[in-house]
Amino acid sequence: MVYDAAPLPFRHAVLASLKADISVGINTGALIQRLSAIAVDGLPFTAERRLMEECDWWRVFEIAEAGFDMMSRSSLGDDKGFENAVNDACRANRLGWRMVQGRFVVTASDSQTLAVEQA
């Protein structure tokens, strides 16, 4: 079953993974601000967390995908480590989603997932 939601533990895991896997030169607050449509300048971690908690559920997924894109287009982070952490959070929260090559897909059988990964 796929849930159209982003529970708080998932939101927190995505934010923590962004902080852990993106290099220091990336402003995660600016990324979250841009995608959450909430204007705030100079975000401390607590404000980033608040924005992540308050944005629409689907924005959390967009933020995660944008974070992956930033990491994969440059040497500014560990995109595979981030993807693994996000997938762990998806499983832990039983969301029915999985990140494959930086994009969320509905969790499927192993053969379907392998086909998506190889496309």
Side-chain angles (χ1 to χ4, degrees):
M1 178 179 291
V2 176
Y3 292 98
D4 291 342
L8 282 179
F10 177 72
R11 293 168 185 255
H12 294 166
V14 168
L15 179 58
S17 297
L18 281 170
K19 297 300 254 183
D21 294 314
I22 288 184
S23 296
V24 175
I26 297 295
N27 183 344
T28 55
L31 172 67
I32 294 167
Q33 175 184 337
R34 188 177 77 230
L35 292 171
S36 68
I38 301 171
V40 177
D41 291 323
L43 299 172
F45 180 74
T46 53
E48 291 173 354
R49 181 175 169 156
R50 181 180 51 78
L51 286 175
M52 191 67 105
E53 290 174 352
E54 293 175 0
C55 69
D56 291 326
W57 71 268
W58 48 271
R59 293 277 189 201
V60 177
F61 291 86
E62 286 186 345
I63 290 166
E65 288 179 348
F68 180 92
D69 290 345
M70 289 172 64
M71 287 181 247
S72 65
R73 281 190 301 232
S74 63
S75 59
L76 296 175
D78 178 9
D79 56 344
K80 284 299 171 193
F82 175 71
E83 185 173 86
N84 291 336
V86 168
N87 285 333
D88 289 346
C90 285
R91 277 190 297 280
N93 288 279
R94 300 178 180 190
L95 296 182
W97 294 98
R98 177 177 179 179
M99 183 178 270
V100 177
Q101 297 178 342
R103 295 293 169 261
F104 283 98
V105 297
V106 174
T107 301
S109 68
D110 290 337
S111 61
Q112 289 172 318
T113 300
L114 182 60
V116 170
E117 289 173 344
Q118 292 175 345

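- The backbone N or O of Q101 lies less than 3.5 Å from a partner atom in the side chain of E83, making a donor-acceptor pair.
- When the side chain to side chain contact (heavy atoms under 4.5 Å, CB included) test is applied to P9, the partners found at least two apart in sequence or on another chain are P7, N93.
- Using a distance-only test at 3.5 Å, with no hydrogens or angles considered, no donor-acceptor pair links the side chain of E53 to the main chain of L8.
- Annotation: side chain of M52 is not in contact with side chain of R59 (no heavy-atom distance under 4.5 Å).
- Scanning all heavy atoms of the two residues, the minimum distance from A64 to V14 falls at CB-CG1, 3.9 Å.
- One distance of note links CZ of R98 with CZ of R91; it measures 7.0 Å at 0.5 Å rounding.
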| field | Worked check of side-chain contact (heavy atoms from CB on, under 4.5 Å) between W97 and V105 | value | CA-CA 6 Å; W97 294 98; V105 297; 5.8 Å; no

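- Evaluation of the side-chain hydrogen bond (donor to acceptor under 3.5 Å, both in side chains) rule for D69 yields R103 as partners, not counting sequence neighbours.
- Remark: S17 OG to D88 CG distance equals 8.5 Å, nearest 0.5 Å.
- The shortest heavy-atom contact between V60 and C55 is CG2-SG, 3.8 Å.
- Interatomic distance, T107 OG1 to M99 CE, rounded to the nearest 0.5 Å: 12.5 Å.
- Evaluation of the ring-ring contact (aromatic ring centres under 6.0 Å, His included) rule for F10 yields F61 as partners, not counting sequence neighbours.
- Note that CZ of F104 and CH2 of W58 are 14.0 Å apart. Values are rounded to the nearest 0.5 Å.
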